[in-house]
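This report refers to the structure that appears directly beneath it.
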Amino acid sequence: MSFSGKILDWYHINKRSLPWRKTTDPYKIWLSEIILQQTRVAQGTPYYLSFVDNFPSVHDLANANEEQVLKLWQGLGYYSRARNLHAAAKMVVNEYGGVFPDNYKKLLTLKGVGDYTASAISSICFNEPQAVVDGNVYRVLARYYGIDIPINSTEGIKYFKALAEKVMDPVEIRDYNQGIMEFGAIQCSPKKPLCLLCPLNDSCVGLEKGLVDQLPFKLKKTKVRNRYFNYLIPIYKDMDGAQFTSLKQRKGKGIWQNLWEFPLLESKEILEIDDITIRYKEALGDMESVELLEYNDNAIVHKLSHQHLHTKFWIVNTENDFDGKISIKKLTEFPVPVLIADFIKAFKF
DNA sequence: AAGCCGGGGCC
DNA sequence: GGCCCAGGCTT
């Protein structure tokens, strides 16, 4: 039997019951695909259910505020996905008359939809013969055909896309695409693949050559950058005893774009209390009637894939009213990075 | 072509 | 501590 035939047979026996497998509605399939980019099924599933619940149609999503979308996305990471998701929903409504694009080429025009996602949606929803190439497919093909071209090189990307197209089943593409990805997730897994029980173990080049645990081959990743974050948490009580603090929205290029955080002093090294006092005066003004308290002695190291954020929080009790203060009661309404959410949860305001 | 963009789970 | 995850965008 052919490679694709065995994948299809395996899939029909072993496929998991997942929420997005109960529909071919392109809106829902698109939601699931964006959420699952670089994200495990276990982590993405509750977010998928939440988005479908809060935004049953593409119109609901398009009509939402970006703030609401980011809040629902909070904790999932790669927040450009959420911003692009919202922008794409508006594109569907405004440029496609509210009808989701029904082919690969049109899907590619949507923000946040690249080759993989356009192939996935067009094949799953419309059975269009487009081969998906995600992390699972790279692994399955690299092992089965014994290919050691780096999957994160220009040559590798082209090679594996062409190979995927060559070995796909264009007629049953809907199940074949989902099948090879599911096969990579369950059977041909990154660690400890189940080769002994694999339906392809009599013809797998990687297995025959003992290269399974070395494939797929990948070029070394970039190294981690250390950054030093000092968050100032102003706390102000009005005459009624209500508490207020301050959040700023991150703008510009880098991490956490459009999310909110406490006033931040970034430095070359972790700052001590004297430094904070000086920088506070420079940034926020008078220190009169201000009490500065160190929240955490040792810096909290928040790890992103490419940055380590060495973070200290400083409590600033102040008797001075300030502009733009927000009520503590509304603190949890803002979309914030996990680093900030964890602090808000742990700190007793 | 290379960098950037999160957070979590597993080893 | 390193790797990987139903990748895409920017430079």
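Per chain, numbering begins at 1; letters A, B, ... match sequence-line order. What's counted below: heavy atoms across the whole structure, side chains too, no hydrogens, waters or symmetry copies.
The distance from atom CD1 of A/Ile34 to atom C1' of C/dG8 is 9 Å, rounded to the nearest whole Å. In this entry the distance linking CG of A/Leu339 with C1' of B/dG7 reads 12 Å, nearest Å. Atom CD1 of A/Ile180 and atom C1' of C/dC5 are 17 Å apart (whole Å). Atom CG in A/Asn258 sits about 11 Å away from atom P in B/dG6, given to the nearest Å. In this structure, the CD1 atom of A/Ile121 is 13 Å from the C1' atom of C/dG8, given to the nearest Å. To the nearest angstrom, P of B/dG6 lies 14 Å from CD1 of A/Ile340. As a whole-Å value, the separation of A/Asp342 CG from B/dG6 P is 16 Å. Separating the CD atom of A/Gln257 from the P atom of B/dC5 is a distance of 10 Å, rounded to the nearest angstrom.
The side chain of A/Tyr79 sits closest to B/dG6 out of B/dG8, B/dG6, C/dA6. Residue A/Tyr116 has its side chain nearest to C/dA6 when only B/dG7, C/dA6, B/dG6 are considered. Among C/dC5, C/dC9, C/dA6, the nucleotide with an atom closest to any side-chain atom of A/Asp134 is C/dA6. Side-chain proximity of A/Pro190 to B/dG7, C/dC5, C/dA6: nearest is C/dC5. For A/Thr117, counting side-chain heavy atoms from C-beta on, the closest listed nucleotide (C/dG8, B/dC5, C/dC4) is C/dG8. Of all nucleotides listed (C/dG8, B/dG8, C/dA6), C/dG8 comes nearest to the side chain of A/Gln37.
Looking at A/Arg81, its side chain has no donor and acceptor atom pair within 3.5 Å of the base of C/dA6.
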Expected rows: protein N/O vs nucleotides 9-11 of chain B N/O, under 3.5 Å:
none

(Q) Evaluate A/Trp10 against A/Gln187 for side-chain hydrogen bond (donor to acceptor under 3.5 Å, both in side chains), listing each step before the verdict. (A) CA-CA 9 Å; A/Trp10 180 94; A/Gln187 182 83 27; 3.2 Å; yes
Q: For A/Gln178 and A/Trp20, run side-chain hydrogen bond (donor to acceptor under 3.5 Å, both in side chains): C-alpha distance rounded to whole Å, both residues' side-chain angles, the deciding distance at 0.1 Å, then the answer.
A: CA-CA 12 Å; A/Gln178 295 181 83; A/Trp20 46 88; 5.8 Å; no
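In this structure, A/Ser80 reaches neither bases nor backbone, as no heavy-atom distance under 4.0 Å exists between it and the strands shown. The residue A/Val137 sits apart from the nucleic acid: no heavy atom pair falls under 4.0 Å. The residue A/Gly254 sits close only to the backbone: its heavy atoms come under 4.0 Å of sugar-phosphate atoms, none of a base. A/Leu76 comes within contact range of at least one nucleobase, with a heavy-atom separation under 4.0 Å. A/Arg83 comes within contact range of no nucleotide atom at all, as no heavy-atom separation falls under 4.0 Å. Counting non-hydrogen atoms under 4.0 angstrom, A/Asp115 reaches the backbone sugars and phosphates but no base. Residue A/Lys220 is in sugar-phosphate contact alone, with no base atom involved, counting any heavy-atom pair closer than 4.0 Å across all strands shown.
A sub-4.0 Å separation between OP1 or OP2 of B/dC4 and a side-chain N or O of A/Gln307 is absent. For the OP1/OP2 pair of B/dC5 and a distance below 4.0 Å, the side-chain nitrogens and oxygens of A/Trp73 include no atom meeting the criterion. Proximity of A/His306 to the phosphate of B/dC5: a side-chain N or O atom is located under 4.0 Å from OP1 or OP2. OP1 or OP2 of C/dC9 has not a single side-chain nitrogen or oxygen of A/Lys253 nearer than 4.0 Å. Under 4.0 angstrom from either OP1 or OP2 of C/dC5 there lies no side-chain N or O belonging to A/Tyr138.
Using P as the reference atom, C/dA6 and B/dC4 are 24 Å apart when rounded to the nearest Å. Look at the C1' atom in both C/dG8 and B/dG9: the space between them is 23 Å, to the nearest Å. Going from the P atom of C/dC9 to that of B/dG8 covers 24 Å, rounded to whole Å.
Each of A/Glu155 and A/Gly75 was assigned the nucleotide of DNA chain B with the nearest heavy atom; the assignment lying further toward the 5' end belongs to A/Glu155. With the nearest nucleotide of DNA chain C identified for both A/Lys111 and A/Val41, A/Val41 has the one nearer the 5' end. When each of A/Leu108 and A/Ser32 is assigned the nucleotide of DNA chain C bearing its nearest heavy atom, the one mapping closer to the 5' terminus is A/Ser32.
Using a cut-off of 4.0 Å between Lys/Arg side-chain N and Asp/Glu carboxylate O, A/Lys6 and A/Asp202 are scored as salt-bridged.
At least one donor-acceptor pair under 3.5 Å links the side chain of A/Ser32 to the backbone N or O of A/Ile29. Using modelled atom types, one side-chain atom of A/Arg21 and one backbone atom of A/Arg16 make a donor-acceptor pair closer than 3.5 Å.
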Acceptor/donor pairs from residues 75-85 of chain A side chains to any protein atom, 3.5 angstrom cut, sequence neighbours excluded:
from	atom 1	to	atom 2	distance (Å)
A/Tyr79	OH	A/Gly75	N	3.1
A/Arg81	NE	A/Tyr78	O	3.4
A/Arg81	NH1	A/Ile34	O	3.1
A/Arg81	NH1	A/Ile35	O	2.9
A/Arg81	NH1	A/Gln37	O	2.8
A/Arg81	NH1	A/Thr39	OG1	3.1
A/Arg81	NH2	A/Thr39	OG1	3.4
A/Arg81	NH2	A/Leu76	O	3.2
A/Arg81	NH2	A/Gly77	O	3.1
A/Arg83	NH1	A/Gln257	O	3.0
A/Arg83	NH2	A/Gln257	OE1	3.3
A/Asn84	ND2	A/Ser80	O	3.3

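Side-chain polar atoms of A/Asp60 and A/Ser57 form a donor-acceptor pair below 3.5 angstrom.
Annotation: A/Leu219, atom CG; neighbour count of heavy atoms from other residues, nucleotides and ligands within 6.0 Å is above 12.
With sequence neighbours left out, the ring pair (Phe, Tyr, Trp, His ring centres under 6.0 Å) criterion links A/Phe313 to A/Tyr231, A/Phe343.
Residues A/Val205 and A/Tyr145 share a closest heavy-atom pair of CB-C, 3.8 Å.
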